[in-house]
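Heads up: numbering here begins at 1 and tracks the sequence.
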Amino acid sequence: MRKNYGPIYVTPIAFWLIAFLSVPLLITLSYSFMEKGLYGGVELKFSLAAYKSLLNTAVLKVLLNTIIIAVASTALMVTLALPTAYYIARSPVKNLLLMLIIIPFWTNFLIRIYAWIAILGSNGLLNSFLLSTGLIDAHIQFLYNRYAIILVIIYTTIPFAIFPLYSTIEKFDFSLIEAAMDLGASKFRALWLVMIPNIRSGITTAILFTFIPTFGNFAVPQLVGGTDSWMLGNLIVRELNITRNWPLASSISVVLTSVTMIGVLFFMRSQSKKEL
């Protein structure tokens, strides 16, 4: 009789998940239901004050700004990634093009953000070029606004949309496009009605892989956004380090985690429906 070594193989990863994922999540969840300590931290008293604070106008403003930036960035990324992935999948030099997309990942994340600061800053490359050509008479403030955040987020995150779309498009049977065109459909109509429905899983994956990290982004709005362009990640850091309101920071973290879990569950459900 063969022994079942499955539990032995699973034990290390199960311990890892419990120790470094489940336990921190439980601590964060428990902190969100406690009172703020007099000098920071938490007091071991049950309270819903942190969740009531989420209805504060300032918090709701940051939440709305986060949703706007995340939705706009995700929509633009998927819109740009779709034709890019299609072109790469049909290109004879697809490996080279994929490598060009991967290369920026070899550079530190913060260095890539500071590169955009050097481009968009008041004395940056873009302003210098526009001034030298006479297109503008004074420096333009390209940084420290919502648009700068969206631009830099797209640059840093769009590969996560391109790769799943490329993987799905590459497996698509392009003879179906030719058949649709033979039946009188234009190329755009054939792509829209035939290819898009068949790569729906790749589109769903691209949306999740871009929306989730964008929704919880901290570094980009911190460096290229102003105080009016804060996202939830910046609010969490402020509550932890400055006001030391750990319950409020924990409750915001619970909201971010919940959004992530809903996105993952949505993806799993869409995948299971496709299999059926």
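Between the CE atom of M181 and the CG atom of L191 there is a distance of 8.5 Å, given to the nearest 0.5 Å. To the nearest 0.5 angstrom, L98 atom CG is 8.0 Å from E170 atom CD. To the nearest 0.5 Å, the span separating CZ on F172 from CZ on R90 amounts to 9.5 Å. Note: L143 CG to L120 CG = 5.0 Å, rounded to the nearest 0.5 Å. Between the CG atom of L135 and the CG atom of L130 there is a distance of 5.5 Å, given to the nearest 0.5 Å. Note that CG of L193 and CD1 of I177 are 9.5 Å apart. Values are rounded to the nearest 0.5 Å.
For the pair T157/P213, a side-chain contact is recorded, criterion being any heavy-atom separation below 4.5 Å from C-beta on. Looking at F46 and E35, their side chains never come closer than 4.5 Å, going by heavy atoms from C-beta outward. Considering only heavy atoms from C-beta on, N65 stays 4.5 Å or farther from L232 through its side chain. Under the 4.5 Å side-chain criterion, counting only non-hydrogen atoms from C-beta, I117 is in contact with Y114. L63 is not listed as a side-chain neighbour of I252, based on a closest heavy-atom distance of 4.5 Å or more. The side-chain heavy atoms of N217 and I153, taken from C-beta on, include a pair separated by under 4.5 Å. Taking 4.5 Å as the limit, every side-chain heavy atom of W230 sits out of range of all side-chain heavy atoms of T66. Side-chain contact between T168 and S201 is present, with at least one heavy-atom pair separated by less than 4.5 Å.
In summary, of the residues considered (F160, F163, Y155), a ring-ring contact (aromatic ring centres under 6.0 Å, His included) with F105 occurs for F160 alone.
Cluster annotation: F211 is not connected to M231 through the hydrophobic network of ILVMFWY side chains, with a link wherever side-chain heavy atoms come within less than 4.5 Å. Connection of L54 to I68 is not established within any shared hydrophobic cluster, with ILVMFWY side chains joined at heavy-atom distances below 4.5 Å, either directly or through further cluster members. By the rule that hydrophobic residues join a cluster once side-chain heavy atoms approach within less than 4.5 Å of another member, I113 and F218 end up as members of separate clusters. The hydrophobic cluster containing V71 does not contain I154, counting ILVMFWY residues as joined when their side-chain heavy atoms lie under 4.5 angstrom apart, directly or transitively. Hydrophobic clustering places I149 together with L126 (ILVMFWY residues linked when any side-chain heavy atoms are closer than 4.5 Å, directly or through intermediates).
Proximity of a side-chain donor or acceptor of N127 to a complementary backbone N or O of H139 within less than 3.5 Å is not detected. The backbone N or O of G225 lies less than 3.5 Å from no partner atom in the side chain of N145, so there is not a single donor-acceptor pair. In terms of modelled atom types and a separation under 3.5 Å, the side chain of R146 and the main chain of I69 share no donor-acceptor contact. In terms of modelled atom types and a separation under 3.5 Å, the side chain of S91 and the main chain of Y87 share no donor-acceptor contact. Without hydrogens or angle criteria, T210 side chain to I207 main chain gives a donor-acceptor distance under 3.5 Å. No donor-acceptor distance shorter than 3.5 angstrom exists from the side chain of K36 to the backbone of N245, with no hydrogens or angles considered.
Across all non-hydrogen atoms, the minimal contact from K171 to S167 is CG-O, 3.4 Å. Taking both residues in full, the closest heavy atoms of P164 and P159 are given as CD-O, 4.4 Å, listed atom of the first, atom of the second, then distance. Shortest non-hydrogen contact noted between A190 and A180 is CB-CB, 3.8 Å. Across every non-hydrogen atom of Y144 and L223, the tightest pair is CE2-O, 3.6 Å. Residues I88 and K94 come closest through the heavy atom pair O-CB, 3.2 Å. For the pair G41 and P247, the tightest heavy-atom approach, listed with the atom from each and the gap, is O-CD, 3.9 Å.
Heavy-atom contacts from other residues, nucleotides or ligands closer than 6.0 Å to CG of D182 number more than 12. Within 6.0 Å of CZ on F129 lie no more than 12 heavy atoms contributed by other residues, nucleotides or ligands. K52 NZ: 12 or fewer foreign heavy atoms inside a 6.0 Å radius. Atom CH2 of W246 has 12 or fewer neighbouring heavy atoms from other residues, nucleotides or ligands inside a 6.0 Å radius.
Residues D173 and S175 have side chains that bring a donor and an acceptor to within less than 3.5 angstrom of each other.
Applying the salt bridge (Lys or Arg N to Asp or Glu O under 4.0 Å) test to residues at least two apart or on different chains, none of the pairs has a partner in residues 236-245.
A tilted orientation is assigned to the rings of F20 and W16, their planes being inclined by 30° to 60°.
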Point to revise | Steps toward side-chain contact (heavy atoms from CB on, under 4.5 Å) verdict (M77, T214) | key: CA-CA 11 Å; M77 275 187 278; T214 300; 3.8 Å; yes
Check residues 22-34 and write down every donor-acceptor pair under 3.5 Å in which the side-chain atom is one partner and the other belongs to a residue at least two apart or another chain.
from : atom 1 : to  : atom 2 : distance (Å)
T28  : OG1    : P24 : O      : 2.9
S30  : OG     : L26 : O      : 3.2
S30  : OG     : I27 : O      : 2.7
S32  : OG     : L29 : O      : 2.5
S32  : OG     : Y51 : OH     : 2.7

